[in-house]
Amino acid sequence: MGQKTANKPELRDILSVLPRLLSNLPSPVKEFERVQTRDPFKVLVATILSARTKDEVTSAAVKRLFSEIKGPKDLEKLSTEEIERLIYPVGFYRNKARFLAALPKALKAFDYKVPDNLQDLLKIPGVGRKTANLVLSRAFGKSAICVDTHVHRIMNMWGFVKTSTPEETEMALEKILPKGWWSRINPVLVAFGQTICKPVVPQCGLCPLRTWCPRGKSL
DNA sequence: AAAACGGGGGC
DNA sequence: GCCCCAGTTTT
């Protein structure tokens, strides 16, 4: 309260600082993106597997699975148990194996192709907003705001949104985020959240934003 | 020993 | 809204 408070920068100014900062750091995100192609089916599977799972583990699971299959129709031939064995030990592997086993049936309604719109993607079991928007931006090149826990946490911490659910964050960001950032904000904030602005033990000493960030001041 | 992890579904 | 899923790493 007795302290000087720097003027709060615009959101776009803050975001533009991050890529250069992150380029100087080893980012775990790069490994996850490396295994991905633009193949929508592979992107979808990798994204489903990635929840609550380290990127290296996800990458390995994707490689094992796709050494056995090429597309949805191959996946249909595998039993749930076989899928479990291939994707282990990703987080919640039994749930995810069930989702993957049901995936060919779900895709049949779309001629065995991954839908390129949000409404249809959300009909697929195991696919929520985070997964759907990531597929839209990464596989189909669309402008989609993918809000995961990092995006939700950091945007609320900075005070650009005041929301209680990721969906609310997504809607709020649609109004204040320049469209050129819609697909970029997720990779950038994930990398930032994993390497510097971590939920616990944040590396505020490395962060150029600490002079105005509320968290930097409290530390 | 706890808590954290790039979610989603069922209740 | 709350709780569950699970193995692995960090604190």
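Each chain gets a letter, A, B and so on, in the order its sequence line appears, and its residues count up from 1.
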Measuring to OP1 and OP2 of [N], would you say a side-chain N or O of [X] lies under 4.0 angstrom away?
X: A/Gln194; N: B/dC5; result: no
X: A/Arg94; N: C/dC5; result: no
X: A/Thr149; N: B/dC5; result: no

Item to check | Trace of the side chain to side chain donor-acceptor pair (under 3.5 Å) decision for A/Thr58 with A/Thr53 | outcome: CA-CA 6 Å; A/Thr58 303; A/Thr53 306; 4.8 Å; no

Checklist entry - How would DNA chain B look in dot-bracket form, 5' to 3', counting Watson-Crick and G-U wobble pairs with both distances under 3.5 Å and writing | for bases paired to another strand? => result |||||.|||||

Can you measure [X] atom [atom1] to [N] atom [atom2] for me and round it to whole angstrom units?
X: A/Lys54; N: B/dA3; atom1: NZ; atom2: P; result: 17 Å
X: A/His150; N: B/dG6; atom1: NE2; atom2: P; result: 5 Å
X: A/Leu44; N: B/dG8; atom1: CG; atom2: C1'; result: 13 Å
X: A/Tyr93; N: C/dT8; atom1: OH; atom2: C1'; result: 13 Å
X: A/Ile124; N: B/dG9; atom1: CD1; atom2: P; result: 11 Å
X: A/Asn95; N: B/dG7; atom1: CG; atom2: C1'; result: 10 Å
X: A/Phe92; N: C/dC3; atom1: CZ; atom2: P; result: 15 Å
X: A/Arg52; N: C/dC3; atom1: CZ; atom2: P; result: 14 Å

Same-atom distance ([atom1]) from [N] to [M], integer angstrom:
N: C/dT8; M: B/dG8; atom1: P; value: 23 Å
N: C/dC3; M: B/dA4; atom1: P; value: 15 Å
N: C/dG1; M: B/dG6; atom1: P; value: 25 Å

Checklist entry - Mapping A/Thr53 and A/Leu122 to their closest nucleotides on DNA chain B, which lands nearer the 5' end? => result A/Thr53

Please classify the nucleic acid contact of [X] as base, sugar-phosphate, or nothing, using heavy-atom distances under 4.0 Å.
X: A/Val151; result: nothing
X: A/Pro125; result: sugar-phosphate
X: A/Lys96; result: nothing
X: A/Val90; result: nothing

Item to check | A/Tyr93 and A/Tyr88 aromatic ring geometry - parallel, tilted or perpendicular at 30°/60° bounds | outcome: perpendicular

Checklist entry - So A/Trp212 and A/Phe160, would you call those rings parallel, tilted or perpendicular, with 30° and 60° as cut-offs? => result perpendicular

Item to check | Heavy-atom donor-acceptor pair, A/Asp148 side chain to A/His150 backbone, under 3.5 Å | outcome: yes

Item to check | Flag side-chain contact, heavy atom, 4.5 Å: A/Leu121 against A/Asn133 | outcome: no

Checklist outcome for this item: Looking only at heavy atoms, the pair that brings A/Pro115 and A/Phe140 closest together is O-CE1, 3.3 Å

Checklist outcome for this item: Of all heavy-atom pairs linking A/Arg138 and A/Pro187, the shortest is NH2-CG, 4.4 Å

Checklist entry - Nearest nucleotide by nearest heavy atom, which residue falls closer to the 5' end of DNA chain C, A/Val200 or A/Gly91? => result A/Gly91

Item to check | Comparing A/Lys198 and A/Ser164 on DNA chain C - which has the more 5′ nearest nucleotide | outcome: A/Ser164

Next on the checklist: Taking the minimum atom-to-atom distance to the side chain of A/Pro89, which one of B/dG6, C/dG7, B/dC5 wins?
Outcome noted: C/dG7

Next on the checklist: Could you check whether A/Thr47 and A/Thr131, counting side-chain N and O atoms only, form a donor-acceptor pair closer than 3.5 Å?
Outcome noted: no

